[in-house]
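What follows is a short report on a single structure.
All values reported here derive from a predicted model rather than from experimental measurement.
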Amino acid sequence: MKYFYGLTSFAMLREIVYAVCDVLGRGAGDKAAILMLETAAQETRCGTYKDPTPYGAGAGVFQCDLIAFQDVQQRCPVSAYRRVSDEFGIDLKKAKHEQLLYSPLLAAIVCRIHYLLCVEPIPQNEHGRAEYWKRFYNSSLGKGTPLEYLAHTAIIQQLQEDEASV
């Protein structure tokens, strides 16, 4: 399996996502990490699909667009900013959107903070998270649908099985 966005395996993506959630919070019912993995599944098939548009609508494994990236930089809570700096040595204020293309750690941090800024708690079930992703991450202007999101989450199980069989 070929990976993009600075990833070498699904295990690497999973490890990064859980490390980021350990620092920035696991969300309601411990669902932040699964929401992020499902987002990666929808956006880039967990890093196995490379967006063919050169520096297109989004960047990185979570396909974060420039507007969302800048919003995270501007509205990031001071406590989260400090934790990211202390734990990962990353200064979010100095980060560049283009870095998401090859830094899965930065991409995961931005994704988690993006969801952290949402006013509603993360839903407990997959269907609720699909609607949540559409409302707060993809937006009404995005092409993705909750049904596509639900269909793409199956790749998570497939990649885990593939890695276990190696």
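For the pair Lys93 and Tyr81, the distance from NZ or CZ to the six-membered ring centre is under 6.0 Å and the angle to the ring normal is within 45 degrees. For the pair Arg45 and Tyr49, the cation-pi test (distance below 6.0 Å, angle within 45°) is passed.
Using a distance-only test at 3.5 Å, with no hydrogens or angles considered, a donor-acceptor pair links the side chain of Gln99 to the main chain of Lys96. Side chain of Arg112 to main chain of Gly25: a donor-acceptor pair is present (N/O by atom type, distance under 3.5 Å, no hydrogens or angles). The main-chain N or O of Ala28 is found under 3.5 Å from a side-chain atom of Gln124 such that the two form a donor-acceptor pair.
Atom-to-atom distance recorded for Ile156:CD1 and Leu159:CG is 8.5 Å, nearest 0.5 angstrom. Here Cys21 contributes atom SG and Ile34 contributes atom CD1; the two are 10.5 Å apart, rounded to the nearest 0.5 Å. Residue Ile113 holds its CD1 atom at 8.5 Å from CZ of Arg83, rounded to the nearest 0.5 Å. With rounding to the nearest 0.5 angstrom, the CD1 atom of Ile155 is 11.5 Å from the CD atom of Gln160. Atoms CG and CG, from Leu100 and Leu106 in turn, are 5.0 Å apart once rounded to the nearest 0.5 Å. Atoms SG and CD1, on Cys64 and Ile109 in that order, are 12.5 Å from each other to the nearest 0.5 Å.
Side-chain contact, Gln70 with Gln74: no donor N or O sits under 3.5 Å from an acceptor N or O.
Under the 4.5 Å side-chain criterion, counting only non-hydrogen atoms from C-beta, Pro104 is not in contact with Tyr5. Glu131 places none of its side-chain heavy atoms less than 4.5 Å from the side chain of Pro123. Proximity of Asp51 to Thr44: side-chain heavy atoms (C-beta onward) are nowhere separated by under 4.5 Å. Between Glu43 and Trp133, the closest side-chain pair of non-hydrogen atoms falls below 4.5 Å. Side-chain contact between Phe88 and Val20: present, with at least one pair of heavy atoms (C-beta onward) separated by less than 4.5 Å. Contact annotation: the side chain of Phe136 never approaches that of Leu117 to less than 4.5 Å [non-hydrogen atoms, C-beta and beyond].
Across all their heavy atoms, Cys111 and Thr39 have their closest contact at SG-CG2, 4.5 Å. Shortest non-hydrogen contact noted between Gln73 and Leu92 is NE2-O, 2.6 Å. The minimum heavy-atom distance between Ala130 and Pro146, with the atom names listed, is CB-O, 3.7 Å. Counting all heavy atoms, side chain and backbone alike, Cys46 lies closest to Val61 at C-CG2, 4.0 Å. In this structure, Gly47 and Leu7 approach most closely via the heavy-atom pair CA-CD1, 4.1 Å. Tyr3 and Thr48 make their closest contact through CE2-CG2, 3.5 Å (heavy atoms, listed as atom of the first residue, atom of the second, distance).
Between Arg135 and Glu120, at least one side-chain N (NZ, or NE/NH1/NH2) sits under 4.0 Å from a carboxylate O, which counts as a salt bridge.
Evaluation of the salt bridge (charged side-chain N to carboxylate O under 4.0 Å, His left out) test over residues 2-27, restricted to residues two or more places apart or in two chains, returns Asp22-Arg26, Arg26-Asp30.
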Does the salt bridge (Lys or Arg N to Asp or Glu O under 4.0 Å) test come out yes or no for Asp71 and Arg75, once each step is laid out?
CA-CA 6 Å; Asp71 183 55; Arg75 295 194 310 130; 2.8 Å; yes
Step by step, would you call Asp162 with Phe10 a side-chain contact (heavy atoms from CB on, under 4.5 Å)?
CA-CA 9 Å; Asp162 288 352; Phe10 178 71; over 6 Å; no
Residue pair Arg129, Tyr149: steps toward the side-chain contact (heavy atoms from CB on, under 4.5 Å) verdict:
CA-CA 9 Å; Arg129 289 189 302 275; Tyr149 179 102; 3.9 Å; yes
So Val23 and Tyr18, side-chain contact (heavy atoms from CB on, under 4.5 Å) or not? Walk me through it.
CA-CA 9 Å; Val23 170; Tyr18 278 93; over 6 Å; no
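For Tyr115 and Tyr137, the distance between ring centers is under 6.0 angstrom.
Note: the hydrophobic cluster containing Leu116 does not contain Val84 (ILVMFWY, side chain heavy atoms under 4.5 Å, direct or indirect links). Taking hydrophobic clusters as Ile, Leu, Val, Met, Phe, Trp and Tyr residues chained together by side-chain heavy-atom distances below 4.5 Å, Leu105 shares a cluster with Leu35.
Each of His152, Gln63, Lys134 was checked for a side-chain hydrogen bond (donor to acceptor under 3.5 Å, both in side chains) with Gln42, and the lone residue meeting it is His152.
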